[in-house]
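See structure below.
Remember, predicted model here, so these are calculated numbers, not experimental data. Position 1 is the first residue of the sequence, and the numbers go up from there. As a basis for the values below, the full set of heavy atoms in this structure was taken, side chains included, without hydrogen atoms, waters or symmetry mates.
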Amino acid sequence: MSEITYVRGDATVPSVKGVKVIAHLCNDIGGWGKGFVLAVSRRWPEPEKAYRAWHRDRAGNDFGLGAVQFVQVEPYVWVANMVGQRGIRTGSKGVPVRYEAIDAALRRLADKATELGASVHMPRMGCGPAGGKWSRVEPLIAERLARRGIPVTVYDHD
């Protein structure tokens, strides 16, 4: 069993060898403009373009809570756009984060990381604008990824 490694730094610049998947959460309304997605877009335009097209064509694809879109951005680097939040605002139904959707997306991420022989890199996803609690997200990551032997690094930005 692997464990989760915590480091300070930028999750868009993992400094390990081999294939890497950079995982992050997206919302289910097609919005891309706050939180970690800004760092992703500064580095690569493809994940945002792919996400917007995926949302736009959602009537004919799997877009929705718990779905994952994998976008290859470099020969050994993929970005996983994981739909894990309902909307973007905290309101009468609580915060946008949806833990069940994160769990479903992590299952898909684990399958892809295993297929690629990849390590997974992420911010403390779901805990920024989505309003989630790391104490709820971390056990899901441990169960779905680390327990399957997938190396996971979580980045705390300086």
Side-chain angles (χ1 to χ4, degrees), residues 1-28 30 32 35-55 57-58 61-86 96-130 132-157:
M1 178 168 138
S2 275
E3 55 188 49
I4 301 171
T5 302
Y6 292 86
V7 299
R8 280 197 136 351
D10 182 349
T12 67
V13 192
S15 61
V16 298
K17 295 205 181 304
V19 180
K20 298 164 270 299
V21 177
I22 298 167
H24 70 103
L25 288 190
C26 301
N27 60 64
D28 66 347
W32 182 289
F36 184 70
V37 297
L38 297 176
V40 171
S41 288
R42 273 194 298 274
R43 196 139 161 79
W44 309 283
E46 299 92 348
E48 178 179 357
K49 283 183 190 154
Y51 168 78
R52 290 189 185 281
W54 188 32
H55 176 263
D57 301 333
R58 66 191 175 279
N61 64 40
D62 68 343
F63 184 92
L65 287 171
V68 184
Q69 179 188 53
F70 296 96
V71 182
Q72 190 167 12
V73 293
E74 293 179 15
Y76 297 101
V77 181
W78 295 73
V79 172
N81 292 333
M82 301 169 50
V83 184
Q85 64 183 79
R86 164 99 46 217
V97 72
R98 293 294 180 264
Y99 299 109
E100 318 76 45
I102 293 172
D103 191 41
L106 287 169
R107 288 174 193 259
R108 292 178 174 94
L109 174 60
D111 290 344
K112 184 69 168 184
T114 299
E115 172 193 319
L116 295 170
S119 56
V120 174
H121 305 267
M122 65 181 71
R124 289 187 190 240
M125 65 177 173
C127 300
K133 296 191 180 329
W134 188 246
S135 61
R136 298 267 317 265
V137 176
E138 183 185 43
L140 300 175
I141 294 165
E143 177 67 23
R144 300 293 171 224
L145 300 173
R147 197 153 166 231
R148 284 184 61 177
I150 299 164
V152 177
T153 303
V154 174
Y155 295 75
D156 287 314
H157 203 269

Results of side chain to side chain donor-acceptor pair (under 3.5 Å) for His121 - residues two or more places apart only = Ser119, Tyr155

Which atom names give the shortest non-hydrogen contact between Asn81 and Pro47, and what distance separates them?
-> ND2-O, 3.2 Å

Just by distance, do the side chain of Gln69 and the backbone of Ala50 share a donor-acceptor pair under 3.5 Å?
-> yes

Taken to the nearest 0.5 Å, the spacing of Asn61 CG from His55 NE2 works out to 10.0 Å

Can you check whether Leu65 reaches Arg86 side chain to side chain, under 4.5 Å on heavy atoms?
-> yes

Where Trp134 and Arg124 come nearest, the two heavy atoms and their spacing = CD1-NH1, 3.1 Å

Shortest non-hydrogen contact between Phe63 and Val83, atoms and distance | CE1-CG2, 4.0 Å

To the nearest 0.5 Å, how far apart are CZ in Phe36 and OG in Ser41?
-> 10.0 Å

Modelled atom types, side-chain donor and acceptor of Trp54 and Asp62, under 3.5 Å | yes

Shortest non-hydrogen contact from Ala118 to Ile150?
-> O-CG2, 3.8 Å

For Gly84 against Ala101, the heavy-atom pair lying closest together = CA-CB, 4.0 Å

Rounded distance (nearest 0.5 Å) linking atom OG1 of Thr114 with atom CG of Leu109 | 9.0 Å

Sub-4.5 Å side-chain heavy-atom contact between Leu106 and Met125 = yes

Passes side chain to side chain contact (heavy atoms under 4.5 Å, CB included), Val71 versus Trp78? Steps please.
-> CA-CA 5 Å; Val71 182; Trp78 295 73; 6.0 Å; no

Could you grab the distance from atom CD1 of Ile102 to atom CD of Gln85, nearest 0.5 Å is fine?
-> 8.5 Å

Where do Arg43 and Glu74 land on the salt bridge (Lys or Arg N to Asp or Glu O under 4.0 Å) test, with the steps shown first?
-> CA-CA 11 Å; Arg43 196 139 161 79; Glu74 293 179 15; 3.8 Å; yes

Can you list the residues that meet the ring pair (Phe, Tyr, Trp, His ring centres under 6.0 Å) rule with Phe70, with sequence neighbours excluded?
-> none

Partner residues of Arg108 under the side chain to side chain donor-acceptor pair (under 3.5 Å) criterion, sequence neighbours left out | none

Distance from Met82 atom CE to Tyr51 atom OH, nearest 0.5 Å?
-> 13.5 Å

Nearest heavy atoms of Pro123 and Ala11, plus distance in Å = N-CB, 4.0 Å

Are the aromatic ring centres of His24 and Trp32 under 6.0 angstrom apart?
-> yes

Stepwise side chain to side chain contact (heavy atoms under 4.5 Å, CB included) check, Ile22 with Met122 = CA-CA 6 Å; Ile22 298 167; Met122 65 181 71; over 6 Å; no

Should Asp111 and Arg148 be marked as a salt bridge (Lys or Arg N to Asp or Glu O under 4.0 Å) after you check the CA-CA gap, both sets of side-chain angles, and the distance that decides it?
-> CA-CA 10 Å; Asp111 290 344; Arg148 284 184 61 177; 2.9 Å; yes

Not counting sequence neighbours, list each pair that qualifies as a side chain to side chain donor-acceptor pair (under 3.5 Å) and has a residue in residues 11-23.
-> Asp10-Thr12

Contacts under 3.5 angstrom, residues 135-142 side chains, donor-acceptor by atom type, not counting sequence neighbours:
{"residue": "Glu138", "atom": "OE2", "partner": "Tyr6", "partner atom": "OH", "Å": "2.3"}

Partners meeting side chain to side chain donor-acceptor pair (under 3.5 Å) with Glu46 (sequence neighbours left out) | none

